[in-house]
Amino acid sequence: MSYTALYRKWRPAVFDDVKGQDHIVQTLKNQIVSGRVGHAYLFCGTRGTGKTSIAKIFAKAVNCEHPVDGSPCGECPVCRAIAGGASMNVVEIDAASNNGVENIRDIREQVQYPPTDGRYRVYIIDEVHMLSIGAFNALLKTLEEPPSYVIFILATTEVHKIPVTILSRCQRYDFKRIPAETIAARLREVTQAEQIEIEEKAVLYLAKAADGAFRDALSLLDQCIAFHFGETLTYDNVLDILGAVDQTLFSRMFQAIMDKRTKDCILILEEMVVQGRELGQFVNDFIWYLRNLLLVQTAEDAAGLVDMSEDNLKQLLEDGKRTDGNTLIRQIRVLSELSNQLRYASQKRILIEIALIKLTKPEMEVNIDSLLERVASLEARFEEGLPVRPGGYEAQAAGYGQVAAVPEALGGQPEEAGSSGAAIPPKEVAIPPAQLEDLKLIRNEWGNIVRQMGMSIRPSFRDTVVEPSGDSCLCIVFSDPINYAIGNRPSVIGSLERYVAEKYGKSIYFKTRQRETGERANTIYVSDEELREKIHMDISIEED
C-alpha cells in the first residue's frame with residue numbers, strides 16, 4: 001500500500017476536527033442547522049489554514065443524510081462518496097490550471113442539471129484569483145443567480161486580486177493564521193497516534209516554523225520523520241533537517257554586532273555555511289529574535305509574548321540590557337530589507353555579509369536611525385572616559401569633518417605620527433591677526449556650518465581641514481578625491497560663502513584643494529606677537 005502524507009491522512013473530516021477557525025466553523029454550522037445556506041462563499045487566507053478542508057466538510061454537511069449539529073456524520077453513502085472523491089455532486093476545480101473562459105462555460109452548462117443524489121451540487125474553485133478577466137466575467141451571472149441546488153465556494157490566498165463584482169456576490173470568510181500553541185497541540189496528537197517519539201522542544205519549534213499553517217507543520221514533521229525514521233526526533237534533529245539555527249547562536253551574533261566585532265560576525269556566518277544552514281531562514285529567525293528583544297524592552301510582562309523556555313528568556317533579557325529600541329528598530333529594518341533581497345539573490349552569503357557590516361558599522365549609512373546609534377556610541381565613550389578620535393565615525397557624527405585640534409586656541413590641527421610611530425612636532429606659522437581671527441571663527445564653527453549643507457553635499461565635507469589663504473580668504477583641504485570633486489563645485493562654494501555672510505556677518509571667500517601625498521596636517525597658525533614671545537626675536541611676515 002502506498003504511503004499517505006501526514007497532511008492528507010490527518011485532514012479534518014468533520015467540523016469538530018478543525019482547529020483555530022472557530023469563528024468560521026460556528027457560522028457555517030449555524031447556517032446548516034437553520035437551513036440558511038448561501039449560494040456563494042469566498043474563503044480567503046494564507047496557505048495551510050484550512051480553506052479547502054472546510055469547503056469539503058461543508059459540501060458533505062449540506063448533502064449529509066444524517067447531519068449531527070450541522071456537521072456531517074461521515075457514515076452515510078453520500079458522505080463516504082464525497083470523502084472518496086467519487087461523488088458527482090462535489091466538483092473541485094484548480095483555477096491555476098483551468099482559468100480560461102471555456103472552463104467557466106463548462107460549469108455554466110453543468111449547473112443546469114440537478115444533483116443525482118443529495119440536495120446540492122457544490123463547486124469548489126481553488127486559487128480563484130488565477131482566473132482570467134474573461135473567466136471572471138463569464139462567472140458573474142451564474143454566481144449572482146445560480147439554481148437553488150448549486151453552491152459555489154471560492155478559495156484564494158490573494159483576495160486583493162478578486163474583482164469587486166465577484167466579492168459583492170459572495171459571503172466572505174477570512175481565515176486566520178493558526179496560533180503556534182494550537183499547532184503544537186495538534187502535532188502532539190498526531191505523533192502520539194503515529195507512535196512517534198519526539199521532544200517537546202522539537203514540537204514547539206515545528207509549530208513556530210509552520211508560521212500559522214497546519215499543513216506546513218505536518219509536512220515539516222513528515223520530512224523530519226523520514227530522515228530519522230525509527231529514532232526519537234530531537235530538537236537538534238529538527239534544526240539539522242530544516243537548516244535552522246539554535247537560539248544561542250542568535251545571542252552570539254547579537255553580542256558580536258553590539259560590540260562592533262565585524263570579524264566575529266563573519267566567522268559566525270561562516271560557521272553556519274559550513275554546517276549547511278539555510279541562510280534565508282537564518283535571517284528571518286534573527287529578525288524574530290530582534291523582535292523578541294524589542295518586546296522585552298518595551299512591553300510589560302513580555303514573557304508571555306516571546307514564547308520560549310526560561311533559559312532562553314533569561315538570556316534574552318540579558319541581551320536586551322545591551323541596547324535600546326532605536327538601535328533594534330534599525331537592525332530589524334536592515335535585515336528586513338535583506339530578507340526581501342534574498343528571495344531572488346544568487347549570492348546570499350555576500351548580501352548577508354554586507355548587512356552584518358552595516359550593523360557593526362552604522363557610519364556606513366546616512367539616515368536618522370544610524371546617526372542616533374552613532375551618537376549613542378559617542379555618549380557611551382564619553383561616559384567611560386575614552387577618547388574620541390577624529391577621522392572615525394565618532395568625528396563624523398559629531399561634526400562631519402570638524403577637526404578636533406590641539407592647541408585649538410591657536411588654530412592648530414591634529415598631530416601626525418612619523419614612520420617610527422613618534423609624533424612629529426607641529427610647525428608654527430605666523431599669520432596676520434585678521435586672518436587668524438577668521439580662521440579661528442570658521443574652525444570653531446565648522447561642524448555647525450557643514451551641518452547646514454544639503455544632505456547630498458554634507459558627506460563630501462568629512463575629513464576636511466580649513467587653512468588660511470590670504471586676507472578674507474580660507475582654503476578647504478579635502479583628503480578624498482571623490483569628495484573633492486563634489487565639494488569644489490562653484491554652486492557649493494557659493495552657498496557656503498552666502499551662509500557664512502548671513503550667519504556671522506563675515507565676507508569670507510573660500511578656495512578648495514586636495515591634500516597632497518605626504519603633506520603634513522599639523523601646522524599651528526599663530527599671530528606674530530605670539531610667535532615673537534615664544535622665540536624672543538623679531539620676525540617678518542611673508543605676504544601671500
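- Using a 3.5 Å distance cut-off with no hydrogens or angles, the side chains of Ser219 and Asp216 do not pair a donor with an acceptor.
- Formation of a donor-acceptor pair under 3.5 Å by the Glu278 side chain with backbone atoms of Gln281 is found in this model.
- With respect to Glu502 and Arg498, no salt bridge is recorded, no charged nitrogen being found less than 4.0 Å from a carboxylate O.
- Considering every non-hydrogen atom in both Val296 and Leu317, the closest pair reads CB-CD2, 4.0 Å.
- Under the 3.5 Å distance criterion, the side-chain polar atoms of Asp324 are matched with a main-chain donor or acceptor of Asn326.
- At distances below 3.5 Å, at least one donor-acceptor pair connects side-chain atoms of Asn444 with backbone N or O atoms of Lys440.
- A salt bridge links Glu437 to Lys506: one of the charged nitrogens lies within less than 4.0 Å of a carboxylate oxygen.
- Asn292 places no side-chain N or O within 3.5 Å of a backbone atom of Tyr289 that could act as its donor or acceptor partner.
- Nearest heavy atoms, Ile257 versus Gln331: CG2-NE2, 3.7 Å.
- Side chains of Met253 and Met258 form no contact here, defined as non-hydrogen atoms less than 4.5 Å apart.
- Residues Leu131 and Ala95 come closest through the heavy atom pair CD2-CB, 3.9 Å.
- For Lys361 (side chain) and Lys260 (main-chain N/O), no donor-acceptor pair under 3.5 Å exists by modelled atom type.
- Look at Asp264 and Arg252 and you find no salt bridge, because none of the NZ, NE, NH1 or NH2 atoms lies under 4.0 Å from a carboxylate O.
- A distance-only check finds no donor-acceptor pair linking the side chain of Gln255 to the backbone of Asp319 [under 3.5 Å].
- A salt bridge links Glu158 to Lys161: at least one charged side-chain nitrogen sits closer than 4.0 Å to a carboxylate oxygen.
- Listed for the Thr182 side chain is no donor-acceptor partner under 3.5 Å among the backbone atoms of Ile178.
- Between Asn448 and Glu445, the side chains place a donor N or O and an acceptor N or O closer than 3.5 Å (distance only, hydrogens not considered).
- A cation-pi arrangement is not found for Arg443 relative to Trp446, the charged atom failing to lie both closer than 6.0 Å to the ring centre and inside a 45° cone about the ring normal.
- Relative ring orientation between Tyr173 and Phe43 is described as perpendicular, the plane-to-plane angle rising above 60° on a 0-90° scale split at 30° and 60°.
- Ion pairing between a basic and an acidic side chain is recognised when a charged N comes within 4.0 Å of a carboxylate O; Asp174 and Arg172 show such pairing.
- Ring orientation note: the planes of Phe250 and Phe286 are close to parallel, at an angle under 30° on the 30°/60° scale.
- Of the possible polar contacts, one joining the Gln297 side chain to the Thr323 backbone as a donor-acceptor pair under 3.5 Å is found.
- The two residues Leu356 and Cys265 have their closest heavy-atom pair at CD1-O, 3.9 Å.
- Side chains of Gln21 and Thr49 form a contact here, defined as non-hydrogen atoms less than 4.5 Å apart.
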Practice problem: Determine, stepwise, if the pair Leu249 / Phe282 fulfils side chain to side chain contact (heavy atoms under 4.5 Å, CB included). | Solution: CA-CA 10 Å; Leu249 190 139; Phe282 157 72; 4.2 Å; yes
Residues 472-486, side-chain donor-acceptor partners within the protein, below 3.5 Å, at least two apart:
| residue | atom | partner | partner atom | Å |
| --- | --- | --- | --- | --- |
| Ser479 | OG | Asp463 | O | 3.3 |
| Asp480 | OD2 | Ile482 | N | 3.0 |
| Asp480 | OD2 | Asn483 | N | 3.0 |

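- Taking 4.5 Å as the limit, some side-chain heavy atom of Phe214 sits within range of a side-chain heavy atom of Ile183.
- Each of Ile162, Leu42, Val128 was scored for a side chain to side chain contact (heavy atoms under 4.5 Å, CB included) with Cys170, with one residue passing: Leu42.
- No side-chain heavy atom of Ser336 sits under 4.5 Å from any side-chain heavy atom of Arg333.
- In this structure, Lys201 satisfies the cation-pi test against Tyr235, with its NZ or CZ atom closer than 6.0 Å to the six-membered ring centre and inside 45 degrees of the ring normal.
- Shown here for Thr156 and His129, the closest heavy-atom pair between the two residues is OG1-ND1, 2.8 Å.
- Between Glu270 and Lys263 no salt bridge is recorded (no basic side-chain N to carboxylate O distance below 4.0 Å).
- Between the Asn137 side chain and the Ile133 main chain, a donor and an acceptor come within less than 3.5 Å of each other.
- Across all non-hydrogen atoms, the minimal contact from Ala345 to Leu351 is CB-CD1, 3.5 Å.
- Judged purely by atom type and a 3.5 angstrom limit, Lys51 has no side-chain atom pairing as donor or acceptor with the backbone of Thr157.
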